[in-house]
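As structure tokens, the structure follows; a few thoughts come after it.
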Number of protein chains: 2
Amino acid sequence: MAETDQALPPSDQLAAMNLTDTVEKHAFSDRVLIRSIVGRPDGGAGLAGERVRAGGWVKTGREQGKGTFAFLELNDGSCPANLQVIVDAGLAVLSKLVATGTCVVVDGILKVPPEGTRQKIELRVEKVVSVGEVDPAKYPIPKTKLTLEFLRDHLHLRARTNTIAAIARIRNALAFATHSFFQEHNFLYVHTPILTTSDCEGAGEMFQVTTLISESEKLEKELIKNPPPSEVDIEAARQVVSERGEAVKQLKAAKASKSEITASVAELNKAKENLSKLEERSKLKPGIPKKDGKIDYTQDFFARQAFLTVSGQLQVETYACAVSNVYTFGPTFRAEHSHTSRHLAEFWMVEPEIAFADLQDDMNCAEAYVKYMCNWLLDKCLDDMQFMAKSYDKGCIDRLRMVASIPFVRISYTEAVELLEEAVKGGKKFENEVKWGIDLASEHERYLTEVKFQKPVIVYNYPKGIKAFYMRLNDDLKTVAAMDVLVPKVGELIGGSQREERYEVIRERILEVGLPLEPYEWYLDLRRYGTVKHCGFGLGFERMILFATGIENIRDVIPFPRYPGRADL
Amino acid sequence: MAETDQALPPSDQLAAMNLTDTVEKHAFSDRVLIRSIVGRPDGGAGLAGERVRAGGWVKTGREQGKGTFAFLELNDGSCPANLQVIVDAGLAVLSKLVATGTCVVVDGILKVPPEGTRQKIELRVEKVVSVGEVDPAKYPIPKTKLTLEFLRDHLHLRARTNTIAAIARIRNALAFATHSFFQEHNFLYVHTPILTTSDCEGAGEMFQVTTLISESEKLEKELIKNPPPSEVDIEAARQVVSERGEAVKQLKAAKASKSEITASVAELNKAKENLSKLEERSKLKPGIPKKDGKIDYTQDFFARQAFLTVSGQLQVETYACAVSNVYTFGPTFRAEHSHTSRHLAEFWMVEPEIAFADLQDDMNCAEAYVKYMCNWLLDKCLDDMQFMAKSYDKGCIDRLRMVASIPFVRISYTEAVELLEEAVKGGKKFENEVKWGIDLASEHERYLTEVKFQKPVIVYNYPKGIKAFYMRLNDDLKTVAAMDVLVPKVGELIGGSQREERYEVIRERILEVGLPLEPYEWYLDLRRYGTVKHCGFGLGFERMILFATGIENIRDVIPFPRYPGRADL
């Protein structure tokens, strides 16, 4: 029976099955996305009879029926599921198709496989369009199960694994969820600068950006090719100037013709020019230019010292204080020598800034944003989340559901410290001492969100001594209007605050923490002229992915991780 | 009559007018967006009677009626239009409200203004909630009409001007349009690295990123505070070691007790440790660490030389060759000393990369993307576009309409050169000579798109000699499958190509252009293992904004422009 059905021409077959489904070709390619077949609720069954071109990389392949045909599990990265492809030996040399990593493009017809198979649909190949071969003996990532650590040494190929591809799709979804959330709420996306001459936190650990080294190396090479003039060369040039000067003098004394004198003066000027050029060149020294014993940054590209940004907050405030609701989403940098699983030298941050808003609004925005992302993943990435649950963290989907639905706990820092002290009294051991005034350590944060409340916790009103100068001083003069969002699995996910909008108060705070006023004059201007109540926060984008996926090491959730000693590609 | 109407309580008034409109409060603030009032198709008239809280900055203000009330034009950046606000003298000191740049938050009731005024609605203030004052004598950008050049010296305040705010909204719209377009077409957003150890074009002009300078400065300071040991110090320590050694020897010879010997050996070891510490410290030299006369980059943060990326293309190809359709959208950098109105040291680029696709697909994608952005602006930013048309470029809206609707002309490079040669024969003067093999100059590109065709033109199949090594060699062996999209007003907007996917061919091309193979081994791996036909392009995001708005200088369409000698904030 099945045989007979399959022998029908596709259009008849479709009519017979009363199907109107068709599969859409990709807009900018002549193939279809594998997701548009196997990602359907019916697993693709409704597409039986359709002729399609598919392309992808072989996950696993095997020759069967004594080499008369091959099964290929084909994946094109559009979803975690593969398309099962069957190729007859007459169409290609099967041994060249079956190696993991082989790229194949095939034309064929979609058919419902025989009863008892896992697949709802498979592709019977009619033509092998192209093959990108793999020598399995040399392929650096031959098997599907490799450690994440091993894959970090093969950044250029690791996106071909199920895990890294799933993370790429989840990362993409969270990025677009971020834009969608803020756009829906009328925030403007502002590109804050990567190159900066301001140090946001006043806390060092910045990468320097310069052209001084390459310029000095260029000069060094040039001076080797074309050495600077010696003292003798310069003396000789000086001699020429003095002779030419003498010649002019004599011509003038002899009342020579105007044209003779003009010619002679021209010669003199040429000699002078040559001398000054030589003198200029003799001053060229290899090495980085210095002035008064210090590096002369006036000769650097931006005529001053420049760094990679550690946060776009201060700059984006200039836009919040003009167009009200803004956010940044871009790379930020820390030159910290941390070798932990939670730090990167280059990472992405989302930083909204809201004018006419206070700390309550800030917490509301942070909570709504995190919930929105969780719902987005549950809605649009459930297949990838199921893969993560199966392979890495069986609780990850429940965690998303919980965070999406439960109101976040909100407690003051003082209450948080009391709860921690209670826990200590109850026998809980922390490595770091608990008392009012300390910066909460990761173990404290994890205790609050994972053990005490078992849900997200927002801690607010921190002691001013442990927070940045720009956070708004509360009326108690001891705490500032800061807030951190703590979530199970990663601890601190978000840090934010209401900003100090009072000119006199922030000026005092800058001096109090020992920073110079001059570099912050532009920031003070925002308070001098038309100041506005405003607040904002920063979310570490990679931390959100760790939270969502349950992956342990931050180096695995960014495509090209940068950390001390490593910046591959 | 109007008087009587206005005296009705708002709810009754609404009932009387049979209105069901209400104005939504901003989700994370207690005020409403001004756009949600004046941005409505009815200009806000339908909201008469609503009580709202509004906040914004005063564009212009004036006291009227002998100081009995003030008119304020209030703008919060949510749209180009202002909300007219009327404050009675009894509610505030009016002179403190009227200065341009003042921030005010007010509660009031929306009313239809008297006949004959431009506004459809105005806000009658009932309470002044807060004021951020401005001293007009000191405000750096007091008037509304300031040159764009002047504003570049006040980056932190310029978003408060109509022009820069409109550009910010247009830029935001184009950014979200970009994400929406690629997401709709199943592309994954991939964050390619900013810090890189690869040079994409092999063409230099990169910014170097280092911690060597700051580390050496730190060391220098440390050595001044705590000078390295002198030869005498070291000699003394050596002396101690030899004495302690002698003591151990004597104790052993004297067959002293085990505990005596152990104590003595411990003393010796301490002395040895001290000596080796001193010797280590004596080697510390101020300045950048060198080895064999060259800078020792093994001591730099990434243990090798690192740069800021000039393009994410090569890296994003690793994802295209795994998950098929990807794009980057991020900052890129060129350390060029160009002082033109078209170059920045830091600019944003959009770079899609499509697997299973060729040059035709690439052109289709580029054309669809540009059209999508034009339609998006016409759809969602018409008020801002009208402002740009009125103030800067009266043709800008027509240009968007034309590009959105007309198919792009597609001609080969060879045809383009023929057309330019014809033009020269017809009397057209170009500064740069026209002949097959030249890189088209901006004047040539502008002639084709602005004069010859007066619409967007895609030029494809360029001579291989003027294009990058990674572009696919055509069968004529003279040209490569490259394409540039030229548009009126800016010339080249997009550059792209099909990538060379054949291992032997690309290897040959790398050698042919004189590049070393070793740094490209990872890139060659993409061709060695499961190679795939693929293509992509780059769009200069700021150029798209120049094209859309008609603004002349690229420094005005990015929030924080970086160029030689300038990196403010």
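These numbers were taken from a predicted model, which means no experiment stands behind them.
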Checking heavy atoms, do the side chain of A:Cys321, its backbone, both or neither come under 4.5 Å from chain B?
-> both

A:Glu24, CD atom: more than 12 neighbouring heavy atoms under 6.0 Å | no

Let me know if B:Glu133 has heavy atoms under 4.5 Å from chain A in its side chain, its backbone, both or neither.
-> backbone

Supply the atom-to-atom distance A:Cys103 SG to A:Arg160 CZ, rounded to the nearest 0.5 angstrom.
-> 7.5 Å

Please look at B:Leu188 and chain A and tell me whether the side chain, the backbone, both or neither of the residue comes under 4.5 angstrom of a heavy atom of that chain.
-> both

In terms of heavy-atom proximity below 4.5 Å to chain A, should B:His154 be classed as side chain, backbone, both, or neither?
-> neither

Measure distances from A:Val104 to the heavy atoms of chain B and classify the residue's part below 4.5 Å as side chain, backbone, both or neither.
-> backbone

So, the part of A:Leu33 with a heavy atom under 4.5 Å from chain B: the answer is side chain

Scored by heavy-atom pairs under 4.5 Å with chain B, the best of A:Trp522, A:Phe207, A:Tyr189, A:Tyr503 is A:Trp522

Taking A:Tyr319, A:Tyr139, A:Trp348 one by one, which has the highest count of heavy-atom pairs under 4.5 Å against chain B?
-> A:Trp348

Would you mind checking which part of B:Arg169 comes under 4.5 Å of any heavy atom in chain A, side chain (CB onward), backbone (N, CA, C, O), both or neither?
-> both

Which atoms of A:Val532 approach chain B - backbone, side chain, both or neither, heavy atom under 4.5 Å | both

Do the two ring centres, one from B:His26 and one from A:Phe356, sit under 6.0 Å apart?
-> no

Whatever's closer than 4.5 Å to a heavy atom in chain A on B:Ala320 counts as backbone

Please look at A:Arg562 and chain B and tell me whether the side chain, the backbone, both or neither of the residue comes under 4.5 angstrom of a heavy atom of that chain.
-> both

Determine, step by step, whether B:Phe333 and A:Leu195 satisfy the side chain to side chain contact (heavy atoms under 4.5 Å, CB included) criterion, reporting the C-alpha distance in whole Å, the side-chain angles of both residues, the deciding distance to 0.1 Å, and the verdict.
-> CA-CA 9 Å; B:Phe333 305 85; A:Leu195 292 164; 3.8 Å; yes

With a 4.5 angstrom heavy-atom cut-off, which part of B:Arg35 approaches chain A: side chain, backbone, both or neither?
-> side chain

Check whether B:Leu157 gets within reach of chain A through its side chain, its backbone, both or neither, counting any heavy atom under 4.5 Å.
-> side chain

Below 4.5 Å from any heavy atom of chain B, which atoms of A:Lys294 appear? Answer side chain, backbone, both or neither.
-> neither

Considering only heavy atoms, which portion of A:Phe347 lies under 4.5 Å from any heavy atom of chain B: side chain, backbone, both, or neither?
-> neither

Please say whether the positively charged group of A:Arg527, taken as NZ for Lys or CZ for Arg, lies over the ring of A:Tyr523, i.e. under 6.0 angstrom from the six-membered ring centre and within 45 degrees of the axis.
-> yes

Portion of A:Ala99 that has a non-hydrogen atom of chain B nearer than 4.5 angstrom | neither

Spacing of A:His191 atom NE2 and B:Glu542 atom CD [to the nearest 0.5 Å] = 8.0 Å

May I ask you to check whether B:Thr178 and B:Tyr369 show a side-chain donor-acceptor distance below 3.5 Å?
-> yes

Approximate separation, where rounding is to 0.5 Å, of B:Thr210 OG1 and B:Ile288 CD1 | 7.0 Å

Top contributor to chain B contacts, counting heavy-atom pairs under 4.5 Å, from A:Val134, A:Val209, A:Asn364, A:Val105 | A:Val209

Portion of B:Val58 that has a non-hydrogen atom of chain A nearer than 4.5 angstrom | neither

So what's closer than 4.5 Å to chain B heavy atoms on A:Pro193: side chain, backbone, both or neither?
-> both

Heavy-atom proximity to chain A below 4.5 Å, by part of B:Pro564 | both

Please state whether the side chain, the backbone, both or neither of B:Ala567 comes within less than 4.5 Å of a heavy atom of chain A.
-> both

Which pair of heavy atoms, one from B:Gln183 and one from A:Asn172, lies closest together, and at what distance?
-> NE2-OD1, 2.7 Å

Would you mind telling me which of A:Ala27, A:Ala355, A:Ala303, A:Pro559 has the largest number of heavy-atom pairs within less than 4.5 Å of chain B?
-> A:Pro559

Which residue out of A:Thr309, A:Ile213, A:Asp568 racks up the most heavy-atom pairs below 4.5 Å with chain B?
-> A:Ile213

Contact class of B:Ala368 relative to chain A, heavy atoms under 4.5 angstrom = side chain

Quick one: do B:Glu317 and B:His534 satisfy side chain to side chain donor-acceptor pair (under 3.5 Å)? Show the steps, please.
-> CA-CA 9 Å; B:Glu317 279 187 54; B:His534 64 292; 2.8 Å; yes

Tell me, side chain or backbone of B:Ile558 under 4.5 Å from chain A's heavy atoms, or both, or neither?
-> neither

Which bit of A:Tyr563 is near chain B, if near means a heavy-atom gap under 4.5 Å: side chain, backbone, both or neither?
-> backbone

Looking at A:Asp135, A:Leu212, A:Asn186, A:Thr211, which has the largest count of heavy-atom pairs under 4.5 Å with chain B?
-> A:Asn186

Between OG1 on residue B:Thr298 and CD on residue B:Gln305, distance to nearest 0.5 Å = 12.0 Å

Side chain, backbone, both or neither: which part of B:Glu217 has a heavy atom under 4.5 Å from chain A?
-> side chain

Which bit of A:Ile354 comes within less than 4.5 Å of chain B, counting heavy atoms only: side chain, backbone, both or neither?
-> side chain

Just how far is it from atom CZ of A:Phe307 to atom OG of B:Ser214, taken to the nearest 0.5 Å?
-> 7.5 Å

Contact origin within A:Ser180 toward chain B - heavy atom pairs under 4.5 Å | both

CD-CZ distance between B:Gln315 and A:Phe560, expressed to the nearest 0.5 angstrom = 5.5 Å

Which bit of A:Glu336 comes within less than 4.5 Å of chain B, counting heavy atoms only: side chain, backbone, both or neither?
-> backbone

Has the side chain of A:Thr161 got a donor or acceptor atom that lies under 3.5 Å from a matching backbone atom of A:Arg158?
-> yes

Region of B:Phe541 in contact with chain A, defined by heavy-atom distances below 4.5 Å = side chain

Might you work through the side chain to side chain donor-acceptor pair (under 3.5 Å) test for A:His179 and A:Tyr327, ending with a clear yes or no?
-> CA-CA 9 Å; A:His179 285 298; A:Tyr327 68 108; 2.8 Å; yes

Examine whether an atom of A:Arg304 lies under 4.5 Å from a heavy atom of chain B, and if so say whether it belongs to the side chain, the backbone or both; otherwise answer neither.
-> side chain

